[in-house]
Amino acid sequence: MTNHQITDGVGRTAIGVARARAAESRRPDRLFDDPYAAAFVAAALAGEPEPERNPQDTPIGVIVLARYLAVRTRFFDDQLLAAARAGCRQVVIPAVGLDTRALRLEWPAGTRFFEIDQPEVLAFGERVLAEQGASAAGPRAVLAGDLREDWAGVLTGAGFDPAQPSAWLLEGLLVYLSPAEVAALLTTVGSLAAPGSRLALTHGFPRSEHDPVDRTAGFAEAVPELAGVAALWQGGLDEDVAGWLERHGWRAAWHDRAEAAVSYGRPAGYLTPQRSFVTAERPAGPDRLPDADPGTGGR
């Protein structure tokens, strides 16, 4: 097996997500099947076997995080497929990491995929997928770009059409950005999202005068094994993400992760209640909302 490398820091967290997806895919009652996740993990270990662990020794915080990642993956699988079936045949995933939805889900004919991330993450993922003989369900543009720079130009240069409806996924991303960076990112998405477009995302853990608790520190204390990941968090928006989207021309809604888990057949208490997911739609026709002043959200 070829020796692969993946960038440290935020890029490295993609391996942790792949590990959780591989574990879920092995379950007989799995919420999804990601046939490439285990290959990513094996490549990251450079051929070394993963250490065996007694399941009883797994910290509860790690168990809860794995459960959350499984439910999150399934939830966004469903959201993106519903958007594509509703006519959003351009699927855009900034900070795609090791996401394989373009390869493992059953998409409507004519769906195109645009995936953006750091060059090292993309190179790692593409080498592994090539070794697996993987192929996408439709045209797939893998684009190196910095979300803090002109990534919109990279996207349109690859054939993305802002005049056509699109589906967007910001999964596990916003928490790694500052409030100003999140506002700039969402403003750019809004400028590219035609009427009828849909957006799905996870929210960050902001601190504000209404919510002064530092949840980053709380996570690191509850799951010390992942303190290095928590140290990378910037907090995301310092306000309600759904409210921000509503002010900028979207119709947005929160979704509770515990309710999602139960809807997928997992037992009550599988996850604690938390409004973890946000979905939004860019209204079309007479129902379209006016955009707020662009100067209020960007940097």
Side-chain angles (χ1 to χ4, degrees), residues 13-14 16-37 62-88 90-108 111 113 115 137 166-176 182 186 189 193 197-205 215 219 236-237 240-242 244-245 250-282:
T13 65
V17 176
R19 180 176 283 109
R21 288 176 174 165
E24 180 66 23
S25 297
R26 290 192 293 268
R27 290 178 58 127
D29 63 341
R30 57 183 175 266
L31 301 184
F32 58 87
D33 182 21
D34 186 342
Y36 309 108
V62 173
I63 294 174
V64 170
L65 180 60
R67 291 177 175 180
Y68 164 71
L69 291 173
V71 171
R72 186 180 87 178
T73 298
R74 170 61 183 276
F75 181 85
F76 289 131
D77 281 1
D78 292 348
Q79 293 299 318
L80 286 181
L81 285 175
R85 291 164 183 163
C88 299
Q90 301 181 107
V91 177
V92 188
I93 308 182
V96 68
L98 300 177
D99 187 294
T100 62
R101 290 182 172 94
L103 299 91
R104 64 178 178 80
L105 297 179
E106 296 184 4
W107 296 93
T111 305
F113 306 93
E115 302 177 353
S166 48
W168 298 76
L169 176 61
L170 305 175
E171 183 179 15
L173 169 62
L174 301 191
V175 72
Y176 293 102
V182 172
L186 293 177
V189 171
S197 295
R198 298 190 186 185
L199 168 65
L201 58 85
T202 48
H203 70 83
F205 296 112
R215 282 182 265 182
F219 179 87
L237 274 183
D240 173 33
V241 177
W244 191 100
L245 291 169
W250 299 84
R251 294 194 186 279
W254 287 96
H255 304 269
D256 187 274
R257 65 181 192 176
E259 293 177 0
V262 171
S263 74
Y264 297 140
R266 294 295 156 92
Y270 188 75
L271 287 173
T272 56
Q274 186 180 100
R275 296 192 308 168
S276 297
F277 312 134
V278 176
T279 59
E281 183 172 1
R282 204 75 161 167

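Below, all heavy atoms of this structure are taken into account, side chains as well, without hydrogens, waters or symmetry copies.
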Note, Leu201 side chain near Leu173 side chain (heavy atom, < 4.5 Å): no
query: For Thr272, what residues pass the side chain to side chain donor-acceptor pair (under 3.5 Å) criterion, not counting sequence neighbours?
result: Arg257
- prompt: Rounded to the nearest 0.5 Å, what separation is found between the CD atom of Glu281 and the SG atom of Cys88?
  reply: 7.5 Å
query: Hey, does Phe76 have a side-chain heavy atom less than 4.5 Å from the side chain of Ile93?
result: no
message: Can you tell me how the ring of Phe75 sits relative to the ring of His255, calling it parallel under 30°, perpendicular over 60° and tilted otherwise?
response: tilted
query: Side-chain contact, heavy-atom cut-off 4.5 Å: Leu271 with Tyr68?
result: yes
query: Quick one: does Phe113's side chain get under 4.5 Å of Val96's, heavy atoms only?
result: no
task: With side-chain contact (heavy atoms from CB on, under 4.5 Å) as the test, would you mind laying out the steps for Trp250 and Leu186 before giving the verdict?
output: CA-CA 11 Å; Trp250 299 84; Leu186 293 177; over 6 Å; no
field: CA sep, side-chain torsions, deciding dist, call: Phe32, Leu105, side-chain contact (heavy atoms from CB on, under 4.5 Å)
entry: CA-CA 9 Å; Phe32 58 87; Leu105 297 179; over 6 Å; no
Validation row: Thr111, Val91 side chains within 4.5 angstrom (heavy atoms): yes
query: For the side chain to side chain contact (heavy atoms under 4.5 Å, CB included) test, which of Leu169, Leu170, Thr279 pairs with Leu199?
result: Leu170
- line: Separation between CZ (Phe277) and OG1 (Thr202), nearest 0.5 Å, reads 8.0 Å
Rounded distance [0.5 Å steps], CG in Asp77 versus CG in Asp99: 8.0 Å
task: Would you mind listing every salt bridge (Lys or Arg N to Asp or Glu O under 4.0 Å) that reaches into residues 266-276, with sequence neighbours excluded?
output: Glu24-Arg266, Asp29-Arg266
task: Without swapping roles, check the side chain of Ser166 against the backbone of Ser197 for a donor-acceptor pair under 3.5 Å.
output: no
message: Just to verify, what does Glu171 make a side chain to side chain donor-acceptor pair (under 3.5 Å) with, not counting sequence neighbours?
response: Arg21, Arg72, Arg101
- prompt: Are side-chain heavy atoms of Tyr176 and Thr13 found at a separation under 4.5 Å?
  reply: yes
